[in-house]
Amino acid sequence: MIHAALPRPTRTTCPYCGVGCGVVVDPDGTMRGDAAHPANEGRLCSKGSALGETLGPRGRLTHPEIKGRRASWDEALDLAAAKFAEAIRVHGPDSVAFYGSGQFLTEDYYVANKLMKGFFGSANIDTNSRLCMASSVAGHVRAFGEDVVPGCYEDIDEADLVVLVGSNAAWCHPILFRRLEAARKKRGTRIVVLDPRRTASCDGADLHLPLRAGSDVALFNGLLARVADSDALDRAYIGAHTANFDEALAAARAEFPTVAAVAAETDVPAADIEAFYRMFVSTERVVTLYSQGVNQSSAGTDKVNAIVNCHLAAGRVGKPGMGPFSLTGQPNAMGGREVGGLANQLAAHMSFASPDDIDRVRRFWNAPNMATKPGLKAVELFDAMLAGKIKAVWIAGTNPAVSLPRADRVRDALRKCPFVVVADCHANDTLGFAHVTLPARGWAEKDGAVTNSERRISRQRAFTPPTGEAMPDWWMFAELGKRMGWGDAFGYSKPADVFREHAALSAFENDGARRFDIGALADLTDAEYEAMEPTQWPARKGAPAGGRLYGDGLFSHPDGRARFVATPFRAPVEKLDAARNLTLNTGRVRDQWHTMTRTGGVPRLSTHTPEPYLDIHPADAARAGLADGEFARVESRHGATIMRARVAGDQRPGEVHAAMHWSDANASTGPVDRLVGAATDPVSGQPELKATAVMVMRQPMAWHGLLLRREPLAELKSDYWCRVAIDGGFAYPLAGIEPLAAPGETPDDAWVLNKLSPLATPDLAVYADPARGVFRFASFVDGALDACLFVAREAASVPDRDMMAAMFAREPPKEHRARLLAGVPLDGVASAGPTICACFAVGRVTIEEAIASHGLTTAAQIGEALKAGTNCGSCLPELEKILRETAPAEHRAAA
Ligand code: SF4
């Protein structure tokens, strides 16, 4: 919602993923991709295209509160300062902590990091980036001597082979995937996908290896041996620019002497492994893109190094069209790494391992209480909180009560902490544990910088007034610092002040040893900062900015050599047993972001994947007695939940998958991280979110239902429910375990209403068939439909959700109540089916009808007929899939 016409277009950056697409907001509030931004050249994905629909006051925090009571900023910040000061005085600096977010702008990160590490005297500042790419950071530091992504997005355009490892880029980094598809069309770039699941990224790939969860190291150790035995081995490069090759190769060979040994560990046919190895060794221009499937693992750092080892052995790092490439999940995970936003990092790519670095940062900050050792990483931090060691915590821009593993234990920890500050834009699950809540400015309201996966710094610019009394996070941390007696060090008045200091620190006593150097930006005027174009680092004073790094073979280790790292294979920590015989993998869906605080209220983003499904292979479903659409009880050693099963051949046998977006606020399922164990990588501290042992059982339901309302509900008295945003309101699929009436009794509509009461009752139309257990209600306000509820013993007796949602959107008047209660469509109302193209809100049914009636055979033809797939292209793999599935049988056979 834009409150006033803007004087001119505003160029800003999408807040969702690490691709870092540029967005232009026109004076009338419409948004489009920024054609001048190098990351996206004008394109936006489905989430980016719907950014304008996520703005507005719904769910926003508008003013500070102390224990639920409205408070002034002064009162809230004074209290926070007093509590943090007291904890430090009585219990020492390590008794306090900050837990931040990849949503922070670089300026937010910088001030928080400076306050904690330079002035509080502790390094207990970690962020949800720990869940995202900490393993890549650790792998880079081990291999290169610094957390540097050597390549840039042009490498995807210029590669002849792209290997996607643990990355469903088609859904999670869609604009980069479009770039990859373009390269495929232009130069025939081949694509190999290494992923336990057959994802949208596999459509059109040359090869998909559905490797067993957590077995990536085995595959890449085998590849290292194959490279060593091939012409791809670059002995000269290894000799001149690296160390430890022989040790790493010997370790790899010892465990995986043959492809058969790799095949046994990965559970992939040896012939397919051979095919992948042949492609890798015979193609010089190889980019290996990797993401959470690599990072979110108890062996994540080794996975990263196993990949980097193969590129180093072939001398393929930092050169056009080749190199290992970590895709960051969050929009500013990379910016956080620049300022040392993780507990084990010092600022500006300096290290706690170096006394010189610690002293350098201390002198630059004129810091009175410089931390000298790493702090607690995310999982350790909440464990320490549960143990009573953290007396005051400040959580900002993240929802750990949902997103951390063993989420219930995290909630216990928060309950136990004597003082909890939560600063956020939106109400979330963590807020319930706060003593002080602070309203943060959100995207569209705040100003600062973000850095994307290819090291490109872009500006996020404000274009709407703040909501209520919301303030930026950097300002809150600076105010905290001032109130604790460090006014000089935190006297910033605007983001440009913070950015200049951050840039100056990167160049401080930096003779080139630290590749992260943006000293050229340290003297920007306010106007230059305001106008700053996307800039790739390094940006040293007096040198051209950007480009690839390490292409010259000169790395950041003191001797200039990269390190091969021996990576002995380790299986995931949680072991399967007779009961817990399936491995739970967690991930994302195409159109939702994080815990749905932004995207969950947008109808066109909600129906592609409307419910928190458990994806399960047909063979495993059959063993559990589960049919598609039935309910499953899922139990791990850490928690249990009920989910609707989606039987999918795309799933590996023995492994199930659930998305991480849903929380207690929008589904009875609650956070899937409640089920996930907290085993962490020993180097990076990143938790293993993709390999939890679970048992899956059929959960019979005694009744099923559907509720549609204009306003959302906080909770429902139903064993299963979830919230789906629809045009004009919200839909809630429901199901209950207990029968509608006690044995021997006949259920009645009063019982149903009493149990699921959220209807305005004065003007209520009721249809009840107690014998069949069918109850239908429609409530009207001012003669128009306000809510309706359908409950039935049999799922088939509940009307179709999409069709009812289409009727609901029409706001039908009361005279249609008979048709409403019968679930008969109004004239001209038809279900479009689940949304396939979110940009133009085109549903599957509409697409299938167009294919059938016009004889469409290509995605381009569907685009001409319906516009589907013609904007961001995120749905193109699904359009291709629908075409395959709906093709006449003889065509399918021929294909
Ligand atoms: Fe945003 Fe999509 Fe671009 Fe990611 S790919 S930055 S979500 S528009």
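Order of listing sets the numbers, starting from 1, for every ligand and every atom in it.
- Between the side chains of His608 and Glu878, at least one donor N or O lies within less than 3.5 Å of an accepting N or O.
- Trp537 and Glu338 share a side-chain donor-acceptor pair at under 3.5 Å.
- A salt bridge is defined here as a Lys NZ or Arg NE, NH1 or NH2 lying under 4.0 Å from an Asp or Glu carboxylate O, and Arg187 with Glu158 fails to meet this definition.
- Annotation: cation-pi pair Arg459/Tyr529 present, NZ/CZ under 6.0 Å from the ring centroid and within 45° of its normal.
- Around atom 1 (Fe) of ligand 1, the protein atoms of type N, O or S that sit closer than 2.8 Å are Cys14 SG.
- Side chains of Arg184 and Thr189: a donor-acceptor N/O pair is absent below 3.5 angstrom, by distance only.
- Judged by distance alone, the side chains of Ser135 and Ser684 do bring a donor and an acceptor atom under 3.5 Å apart.
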